[in-house]
Peer 1: 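Would you mind keeping the following structure in view while I ask a few things?
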Amino acid sequence: MASERKTAPMRVLVTGGSGLVGKAIEHAVQQEGGKLEGEEWIFLSTKDANLVDVGQTRAVFEKHRPTHVIHLAAKVGGLFLHMKENLHFLRDNIKINDNVLQTAHEMGVTKVVSCLSSCIFPDKTTYPIDETMIHNGPPHDSNFGYSHAKRMIDVQNRAYFQQFGHRYTAVIPTNVFGPYDNFNIENGHVLSALINKTHKAKTAGTPVNVCGSGSPRRQFIYSLDLGRLIIWALREYDEIEPLILSVAEEDEVSIKDAVHMIADALDFKGKVHFDTSMSDGQLKKTASNAKLRRYLPDFTFTPLQKGIQMTCDWFIANYDIART
Ligand code: NAP
Ligand code: GDP
């Protein structure tokens with residue numbers, strides 16, 4: 001998907017470069033020929049700068065002088081962390097996003113692609129949800145802090161365009177999973193938490209405890225697919241309006257389906273318990289990928305079972321370094 005534009009080589013700063021999505025972009029850049037001649041790609045973590053702090057944000061931009069930014073850094077977590085820490089999600093993400101976007105503006109960055117999330121969509125809505133509907137009503141109560149902070153990126157992007165003509169945009173991935181995810185049982189997202197739980201249950205010969213009823217539905221995107229799509233968006237996507245990056249509506253699965261896929265991948269034959277005293281969160285947030293398909297009709301997504309298998313294999317092989 002790499003194009004051969006005749007412009008000066010990009011110097012791309014990836015914030016959140018050490019996380020699930022950042023590592024996938026790094027893989028596409030370094031292992032799949034995603035980097036064009038003369039380009040420089042810099043992957044940041046909190047060790048390079050705490051982006052909640054404006055001084056540290058400016059210093060790291062001064063150091064690298066990027067022409068382009070992929071902005072992934074965020075306080076991120078699964079449903080149960082959101083329910084405990086809505087205020088931290090709101091404040092940290094507002095600060096990180098304003099620091100990154102305003103510093104990019106002050107330092108003349110040509111393009112920024114930021115990452116929103118499909119969990120920021122209105123709770124009460126019609127389905128499928130598309131890019132025009134982000135602000136049509138309050139988000140689900142479980143993660144309102146994160147959602148409002150993320151929605152403001154879209155508002156801010158429009159304002160930078162209106163006042164300064166900047167092409168700062170955003171993508172909206174659905175639920176992401178893959179190598180380098182956060183596999184922590186309390187704080188992780190559903191697939192990574194359940195992979196870790198199933199692995200532990202298999203070792204201990206105990207049942208797997210799934211939170212909630214198993215009936216909520218999600219569209220899962222494999223991180224390496226998302227990494228390739230974000231690189232494409234940086235090079236080719238010229239709109240300010242966000243773009244949903246998702247598998248098709250018919251590829252949405254229930255949490256129960258996903259549990260079975262994880263059990264297959266880990267060869268787990270024990271019992272599965274659904275703890276209905278725990279929250280289901282949003283029952284669904286079905287997103288349309290029609291706009292993406294207009295741009296990339298032939299993009300091939302990794303089938304979910306295959307992506308889960310590769311993630312489980314990575315988790316077992318990298319247990320010592322995985323975030324647990
Ligand atoms: P992740 O694995 O938790 O990675 C988060 C990244 O942000 C890490 O590189 C982390 O650095 C960095 N970071 C966090 N706080 C920071 C701070 N104060 N200053 C500087 N860097 C900071 O998360 P992810 O899943 O890759 O998420 C990447 C983006 O995708 C986020 O914007 C998220 O909202 C979005 N997204 C994720 C999902 C999903 O299902 N995971 C779905 C939709 C959208 P350290 O490694 O040093 O901590
Ligand atoms: P969400 O998609 O933004 O709601 O975030 P998650 O990735 O945390 O997924 C939450 C959904 O998975 C809810 O329906 C939960 O009830 C369900 N779920 C089942 N087991 C787990 C688990 O161990 N951890 C998490 N985070 N969610 C789980």
Side-chain angles (χ1 to χ4, degrees), residues 14-26 43-53 56-57 60 70-83 88-89 92-93 95-97 99-100 113-121 139-140 142-143 146-147 149-150 153 170-198 208-221 223 226-227 230 244-246 254-256 258-259 262 272-285 287 323:
V14 183
T15 74
S18 54
L20 165 67
V21 182
K23 282 288 183 187
I25 292 176
E26 187 177 50
F43 293 86
L44 298 183
S45 77
T46 48
K47 291 197 189 85
D48 301 290
N50 178 359
L51 300 172
V52 168
D53 181 282
Q56 291 188 40
T57 308
V60 84
I70 295 177
H71 173 39
L72 308 173
K75 178 172 167 63
V76 174
L79 168 66
F80 298 97
L81 188 63
H82 281 279
M83 288 170 65
H88 284 156
F89 275 98
D92 282 4
N93 287 321
K95 288 179 198 166
I96 291 173
N97 297 335
N99 287 342
V100 168
V113 178
S114 299
C115 225
L116 311 183
S117 163
S118 60
C119 66
I120 75 168
F121 286 136
H140 193 264
S142 56
N143 55 19
Y146 174 85
S147 297
K150 285 278 181 190
I153 291 182
V171 292
I172 312 178
T174 48
N175 287 55
V176 191
F177 72 101
Y180 298 96
D181 206 342
N182 175 7
F183 293 86
N184 184 280
I185 284 172
E186 267 85 45
N187 298 337
H189 286 102
V190 55
L191 290 191
S192 49
L194 284 175
I195 287 171
N196 193 1
K197 281 184 186 177
T198 307
V208 176
N209 205 34
V210 180
C211 309
S213 65
S215 54
R217 300 180 69 77
R218 297 288 185 267
Q219 285 155 298
F220 292 104
I221 179 167
S223 60
L226 179 60
I230 292 177
I244 291 172
L245 301 181
S246 175
S254 69
I255 300 298
K256 198 176 283 174
V259 169
I262 293 170
V272 177
H273 172 66
F274 290 89
D275 182 351
T276 50
S277 72
M278 294 190 76
S279 175
D280 271 340
Q282 272 171 290
L283 289 182
K284 62 177 188 170
K285 39 188 174 172
R323 281 184 285 168

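This is a predicted model, so every value here is computed, not measured. Counting starts at 1 for both ligands and their atoms, following the listed order.
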Peer 1: First locate atom OG of Ser279, then atom CG of Leu79, and finally report the distance between them rounded to the nearest 0.5 Å.
Peer 2: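 Interatomic distance, Ser279 OG to Leu79 CG, rounded to 0.5 Å: 4.5 Å.
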Peer 1: Counting N and O atoms only, with roles assigned by atom type, does the side chain of Ser192 sit under 3.5 Å from a partner on the main chain of Asn182, one being a donor and the other an acceptor?
Peer 2: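 At least one qualifying donor-acceptor pair exists.
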Peer 1: Does any N or O in the side chain of Asp280 come within less than 3.5 Å of the main-chain N or O of Leu283, such that one atom is a donor and the other an acceptor?
Peer 2: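 Not at all, since once roles are kept as given, no pair shorter than 3.5 Å links the two residues.
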Peer 1: Leu245 and Thr174: side chain to side chain contact (heavy atoms under 4.5 Å, CB included), yes or no, with the steps?
Peer 2: CA-CA 7 Å; Leu245 301 181; Thr174 48; over 6 Å; no
Peer 1: Could you check whether any side-chain heavy atom of Ile172 comes within less than 4.5 Å of a side-chain heavy atom of Ser117, counting everything from C-beta outward?
Peer 2: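 Side-chain contact under 4.5 Å: no.
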Peer 1: Strictly under 4.0 Å, does any heavy atom of Gln282 approach an atom of ligand 2?
Peer 2: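 No, Gln282 has no heavy atoms under 4.0 Å from ligand 2.
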Peer 1: Using a 4.0 Å cutoff against the non-hydrogen atoms of His189, which atoms of ligand 2 qualify?
Peer 2: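 Close to His189: 7 (O), 8 (O), 26 (N).
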Peer 1: Between Lys285 and Asn175, is a side chain to side chain contact (heavy atoms under 4.5 Å, CB included) present by the stated rule, with each step listed?
Peer 2: CA-CA 10 Å; Lys285 39 188 174 172; Asn175 287 55; 3.2 Å; yes
Peer 1: I'd like to know if the side chain of Gln219 and the backbone of Ala287 have a donor-acceptor N/O pair within less than 3.5 Å.
Peer 2: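 Indeed, once roles are kept as given, a pair shorter than 3.5 Å links the two residues.
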Peer 1: Under the side chain to side chain contact (heavy atoms under 4.5 Å, CB included) criterion, do Ile244 and Phe121 qualify, and how do the steps go?
Peer 2: CA-CA 11 Å; Ile244 291 172; Phe121 286 136; 3.8 Å; yes
Peer 1: Select one of side chain, backbone, both or neither to describe which atoms of Met278 lie under 4.0 Å from any atom of ligand 2, heavy atoms only.
Peer 2: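 No part of Met278 comes within reach of ligand 2.
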Peer 1: Counting non-hydrogen protein atoms only, what is the nearest one to atom 23 (O) of ligand 2? Give residue, atom name and distance.
Peer 2: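 Checked against all protein heavy atoms, atom 23 (O) of ligand 2 sits closest to Lys197 NZ, 2.8 Å.
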Peer 1: Regarding Lys75 and the six-membered ring of Phe89, is the cationic atom NZ or CZ under 6.0 Å from the ring centre and inside 45° of its axis?
Peer 2: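 Yes, Lys75 and Phe89 form such a contact.
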Peer 1: Suppose I only count heavy atoms of Ser279 and a 4.0 Å limit; which atoms of ligand 2 are within that range?
Peer 2: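 With Ser279 as reference, the close atoms of ligand 2 come out as 15 (C), 16 (O).
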Peer 1: Just verifying a value: how many Å separate Leu116 CG and His71 NE2, rounded to the nearest 0.5 Å?
Peer 2: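 The NE2 atom of His71 is 9.5 Å from CG of Leu116, to the nearest 0.5 Å.
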Peer 1: To the closest 0.5 Å, what do you measure between OG (Ser118) and NZ (Lys284)?
Peer 2: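 Between Ser118 OG and Lys284 NZ, I get 13.0 Å after rounding to 0.5 Å.
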Peer 1: Go through ligand 2 atom by atom and flag the ones less than 4.0 Å from a non-hydrogen atom of Asn175.
Peer 2: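 Every atom of ligand 2 under 4.0 Å from some heavy atom of Asn175: 2 (O), 7 (O).
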Peer 1: Under 6.0 Å between the ring centres of Tyr146 and His82?
Peer 2: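 Judged by ring-centre distance (under 6.0 Å), Tyr146 and His82 do meet the cut-off.
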Peer 1: Is the shortest distance from a heavy atom of Lys285 to ligand 2 less than 4.0 Å?
Peer 2: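 Judged by the 4.0 Å heavy-atom criterion, Lys285 does count as contacting ligand 2.
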Peer 1: Between ligand 2 and Gly188, can you find any atom pair, the residue atom being a heavy atom, that is separated by under 4.0 Å?
Peer 2: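 For ligand 2, residue contact (heavy atoms, under 4.0 Å) with Gly188 is present.
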Peer 1: Mark up the atoms of ligand 2 that fall under 4.0 Å of a heavy atom belonging to Gly78, in ascending order.
Peer 2: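 Atoms satisfying the 4.0 Å criterion: 8 (O).
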Peer 1: Check each N or O atom of ligand 1 against all protein N or O atoms and list the pairs under 3.5 Å, with atom names and distances to 0.1 Å, one per line.
Peer 2:
from, atom 1, to, atom 2, distance (Å)
ligand 1, 2 (O), Leu20, N, 2.8
ligand 1, 2 (O), Arg323, NH2, 2.6
ligand 1, 3 (O), Arg323, NH1, 3.3
ligand 1, 9 (O), Gly16, O, 3.2
ligand 1, 9 (O), Ser18, N, 3.3
ligand 1, 9 (O), Ser18, OG, 2.7
ligand 1, 9 (O), Gly19, N, 3.2
ligand 1, 11 (O), Ser18, OG, 3.4
ligand 1, 18 (N), Asn50, OD1, 2.8
ligand 1, 19 (N), Leu51, N, 2.9
ligand 1, 26 (O), Leu20, N, 3.1
ligand 1, 26 (O), Val21, N, 2.9
ligand 1, 32 (O), Leu72, O, 2.8
ligand 1, 32 (O), Lys150, NZ, 2.7
ligand 1, 34 (O), Tyr146, OH, 2.5
ligand 1, 34 (O), Lys150, NZ, 3.0
ligand 1, 40 (O), Val176, N, 2.9
ligand 1, 46 (O), Ser18, OG, 2.6
ligand 1, 47 (O), Thr46, N, 2.9
ligand 1, 47 (O), Thr46, OG1, 2.4

Peer 1: At less than 4.0 angstrom from any non-hydrogen atom of Pro216, what atoms of ligand 2 do you find?
Peer 2: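 Going through ligand 2 atom by atom, the ones under 4.0 Å from Pro216 are 14 (O).
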Peer 1: What about Val190: any of its N or O atoms under 3.5 Å from an N or O on ligand 2?
Peer 2: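 N/O-N/O distance under 3.5 Å: yes.
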Peer 1: Using side chain to side chain contact (heavy atoms under 4.5 Å, CB included) as the criterion, point out the one residue from Thr198, Asn196, Val210 that pairs with Ile262.
Peer 2: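 Filter result, single survivor: Thr198.
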Peer 1: Based purely on interatomic distance, does Arg218 place a nitrogen or oxygen under 3.5 Å from a nitrogen or oxygen of ligand 2?
Peer 2: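 In this structure, Arg218 places an N or O atom under 3.5 Å from an N or O of ligand 2.
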Peer 1: Among all the protein's non-hydrogen atoms, which is closest to atom 22 (C) of ligand 2, and how far away is it?
Peer 2: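 The protein heavy atom lying closest is Cys211 SG, 3.7 Å.
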Peer 1: What residue among Asn50, Leu51, Val52 forms side chain to side chain contact (heavy atoms under 4.5 Å, CB included) with Asp92?
Peer 2: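 Of the listed options, the one satisfying the test is Val52.
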Peer 1: With a cut-off of 4.0 Å, which atoms of ligand 2 are near a heavy atom of Phe80?
Peer 2: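 It comes down to these atoms of ligand 2: 25 (C), 26 (N), 27 (N).
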Peer 1: Nearest to atom 24 (N) of ligand 2, what protein heavy atom do you find, and at what distance?
Peer 2: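 Protein heavy atom with the smallest distance to atom 24 (N) of ligand 2: Ala193 CB, 3.7 Å.
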Peer 1: Give me the nearest non-hydrogen protein atom to atom 5 (O) of ligand 2 as residue plus atom name, then the distance to 0.1 Å.
Peer 2: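 Atom 5 (O) of ligand 2 sits closest to the protein heavy atom Leu79 N, 3.9 Å.
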Peer 1: Got the closest protein heavy atom to atom 13 (C) of ligand 2, with its distance?
Peer 2: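 Atom 13 (C) of ligand 2 sits closest to the protein heavy atom Asp280 O, 3.2 Å.
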